[in-house]
Amino acid sequence: QIKTQLEPHENSLLRQENNKLRAENMSIREAMRNPICSNCGGPAIIGDISLEEQHLRIENARLKDDLDRVCALAGKFLGRPISSLGASMGPPLPSSTLELGVGSNGFGGMSNVATSMSMGNDFGGGIGSAMSVVSHGRPSVTGLDRSMERSIFLELALAAMDELVKMAQTDEPLWLRSLEGGREVLNHEEYMRNFTPCIGLKPNGFVSEASRESGTVIINSLTLVETLMDSNRWLEMFPGVLARTSTTDVISSGMGGTRNGALQLMHAELQVLSPLVPVREVNFLRFCKQHAEGVWAVVDVSVDAIRDTTGVPTFMNCRTLPSGCVVQDMPNGYSKVTWVEHAEYDESQVHHLYRPLLSSGMGFGAQRWVSTLQRQSECQAILMSSCVTSRDHTAITASGRRSMLKLAQRMTDNFCAGVCASTVHKWTKLNAGNVDEDVRVMTRESLYHPGEPPGVVLSAATSVWLPFSPQRLFDFLRDERLRSEWDILSNGGPMQEMAHIAKGQDPGNCVSLLRARANANQGSMLILQETCIDAAGSLVVYAPVDIPAMHVVMNGGDSAYVALLPSGFAIVPDGPGSRGPMFGKGGSHGSGNSGGGVDDGGHRVSGSLLTMTFQILVNSLPTAKLTVESVETVNHLISCTVQKIKAALHCES
């Protein structure tokens, strides 16, 4: 009995001793994993290190080098040094962190690890939002690759910003005055001496275009910067220049609740309204920086040479060198804008008629951006004003004006989409042998679009040279009293303006509603027309609309359900030797030679490049096949319209 009673007690003592020995064993194992030198207190190396641990140590050293380099870039970005040692110590602060995503590295299963490194007080408050990354459908890459890529993008953006500011502020000898029109021309030799190509050398077969333009606009710097950094607002501000825009990645949204330091990847389709000029597709970085109180700069630079977003090599027809604008606030609420455009493109794809226009920088250049910005900002200022100009139709309510202008804007956007083969609509090009060589015919199916009639839509566009000043062509085409000389919709009689809404100080910037007066059998049909003009070119766009539908619109109703197919004209000077649309009003009326005429000041007036586009519903069934007769009809319509315009302006050619 005594032995039986002692056994549980002995078992308990042995169990306690066993647990003690197991704890000592575990502590010894732990000490062997992390040996400490007794002399210095640092880590000691005992025996051989496993291959996995060697890889981890190498990876650690590489990450430390990356951190030092990112800190150096961040210091340059902020204009003050950043301590990498301070970044690696202390707990992470939510308001001031630089997040470096570390993805799968293949060592020890360390995948999807996010290291948050505090930058202490060096960044101030808000650098977290400045350097945080928001992805929008980008290709899958490891976090380390993305960190490296962002570092490269930041370095490229800083170099591009430095180049833009210098090109905007430096005059001669970098920029020289041209004898033709007094425009500024880039001295390429001086440029190569002062700047290192930040995206590599010019591709073989490419040519350069560069331009600079300054002007005042009715918009403050903050509003303009917000417009440029928002792809939708940017598209609305520059209709006709931009066909499509998108933001593909926001690398930095800015600091302190502002756009200072904002950096994003964008995609855009740029266009000159002619079927003879291919659409330019560009992938670029857009970087915004505040240089002083009321002084901002926004720069673009292509990234195709650095990064391929699809993984499949694509052919580039152009690339953007550092381009953009410097904006400075003025005391009266206006802003002074200095715009620089610098690009390289494949000239072999451009028709010879438009090569002088593009090589001079007048097609995609700074003058066009500044002119469009001035016209659009003036239009917005007038629409926000409560006063109505004397030319406006006072019977239209304020809501009716907005609805009518919205309809006109949609009409003009659809017109531009029908001129160039942009991706706004899914056009199919036709290689018809029974149309003229320079006439481009495209078709598409109109389905489930409340603003368009359903069926097969045919678009035919061509560009011709005419020996008249751009201003004279514009005045002729927009005049409703002369419309019967070229428009078959007028039924041979003059037209009457039923409504008028001004969009700027120039009488050529307006929206009108026209009605035929001569033919009583025309039916319930009106013509909505929008005309635009600035220093870079002009537009006359029109479309037939139903009277009941326009009554709804003029009373403030929804214009989205008004079906229309626009046609119209785009006018630009034929090159740097031509005086723009704001000049040359006195061109010789009966000039029949190809050299144009002479204005009141005795200046030579070259010709104009006139693009005309007709969009026609050829069949109300979307699945119907296009007939040869439809193509021949629209080709005949284009050729007849050109001949009528020449005859009305007494052109002998």
Determine, step by step, whether Val545 and Val553 satisfy the side-chain contact (heavy atoms from CB on, under 4.5 Å) criterion, reporting the C-alpha distance in whole Å, the side-chain angles of both residues, the deciding distance to 0.1 Å, and the verdict.
CA-CA 11 Å; Val545 289; Val553 172; over 6 Å; no

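- At distances below 3.5 Å, not a single donor-acceptor pair connects side-chain atoms of Ser512 with backbone N or O atoms of Leu514.
- From Arg244, atom CZ reaches atom CG of Leu242 across 13.0 Å, with rounding to the nearest 0.5 Å.
- Phe468 places none of its side-chain heavy atoms less than 4.5 Å from the side chain of Ile645.
- Without hydrogens or angle criteria, Thr531 side chain to Arg478 main chain gives no donor-acceptor distance under 3.5 Å.
- The side-chain heavy atoms of Arg319 and Pro203, taken from C-beta on, include a pair separated by under 4.5 Å.
- Contact of the Leu610 side chain with the Ser608 side chain is not registered, since no non-hydrogen atoms from C-beta on lie closer than 4.5 Å.
- The nearest pair of heavy atoms linking Tyr345 to Cys318 is CB-CB, 3.7 Å.
- With hydrogens and angles disregarded, a donor-acceptor distance shorter than 3.5 Å links the side chain of Ser403 to the backbone of Gly557.
- Ion pairing of Arg280 with Glu209 is present here, as a side-chain N (NZ or NE/NH1/NH2) and a carboxylate O approach within less than 4.0 Å.
- The shortest side-chain heavy-atom distance between Ser211 and Gln367 does not fall under the 4.5 Å cut-off.
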Pair Gln409-Asp413, side-chain hydrogen bond (donor to acceptor under 3.5 Å, both in side chains): steps then yes or no
CA-CA 6 Å; Gln409 183 62 55; Asp413 290 343; 2.8 Å; yes

Apply side-chain contact (heavy atoms from CB on, under 4.5 Å) to residues Asp574 and Leu357 and explain how you reach the verdict.
CA-CA 6 Å; Asp574 63 355; Leu357 184 78; over 6 Å; no

Evaluate the side-chain contact (heavy atoms from CB on, under 4.5 Å) criterion for residues Gln374 and Asp534: first the C-alpha distance (whole Å), next the side-chain angles of each, then the deciding distance (0.1 Å), finally the verdict.
CA-CA 8 Å; Gln374 289 174 325; Asp534 54 43; over 6 Å; no

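- Contact check for Leu609 versus Leu276: no side-chain heavy atoms found under the 4.5 Å cut-off.
- Side chain of Thr611 to backbone of Leu273: a donor-acceptor contact under 3.5 angstrom is found.
- Of all the heavy atoms in Glu485 and Lys644, the pair that sits closest is O-CB, 3.4 Å.
- Annotation: the span from Thr641 atom OG1 to Leu637 atom CG amounts to 4.5 Å, rounded to 0.5 Å.
- Inter-residue side-chain proximity for Trp486 and Met612 is flagged as unmet; no heavy-atom pair is nearer than 4.5 Å.
- To the nearest 0.5 Å, atom CZ of residue Arg233 and atom CD of residue Glu226 are 6.0 Å apart.
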Under the criterion side-chain contact (heavy atoms from CB on, under 4.5 Å), I'd like the reasoning laid out for Val298 against Leu224: C-alpha separation, chi angles, the key distance, then a yes or no.
CA-CA 10 Å; Val298 179; Leu224 179 55; over 6 Å; no

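- With respect to Leu477, the side chain to side chain contact (heavy atoms under 4.5 Å, CB included) criterion is satisfied by exactly one of Ile571, Leu539, Leu482: Ile571.
- Under a 3.5 Å cut-off, the side chain of Thr248 and the backbone N or O of Leu265 do form a donor-acceptor pair.
- At most 12 heavy atoms of other shown residues, nucleotides or ligands fall within 6.0 angstrom of atom NZ in Lys406.
- Ion pairing between Glu341 and Arg368 fails under the 4.0 Å rule for side-chain N and carboxylate O.
- The backbone N or O of Ser559 lies less than 3.5 Å from a partner atom in the side chain of Arg410, making a donor-acceptor pair.
- Atom CG of Asn283 is separated from atom CE of Met266 by 11.0 Å, given to the nearest 0.5 angstrom.
- Side chains of Phe284 and Val301 form no contact here, defined as non-hydrogen atoms less than 4.5 Å apart.
- Rounded to the nearest 0.5 angstrom, Met404 CE and Asn555 CG are separated by 12.0 Å.
- The backbone N or O of Val279 sits less than 3.5 Å from a side-chain atom of Asn317, completing a donor-acceptor pair.
- Distance CD/Gln529 to CZ/Arg483: 5.0 Å, rounded to 0.5 Å.
- Between Glu452 and Asn414 the shortest heavy-atom distance is OE2-ND2, 4.1 Å.
- In this structure, the side chain of Thr372 does not engage the main chain of Trp369 through any donor-acceptor pair within 3.5 Å.
- Contact detail for Gln615 and Leu565: the closest heavy-atom pair is O-CB, 3.9 Å.
- Counted by atom type alone, Gln471 and Asp475 present one or more donor-acceptor pairs between their side chains at under 3.5 Å.
- Considering every non-hydrogen atom in both Phe415 and Pro566, the closest pair reads N-CG, 3.5 Å.
- Here the shortest heavy-atom pairing between Met411 and Leu528 reads SD-O, 3.6 Å.
- Side chain of Asp558 to backbone of Ala560: a donor-acceptor contact under 3.5 angstrom is found.
- A side-chain donor-acceptor contact under 3.5 Å links Asp479 to the backbone of Arg481.
- Leu405 has its side chain within reach of Lys503: a pair of non-hydrogen atoms, C-beta onward, lies under 4.5 Å apart.
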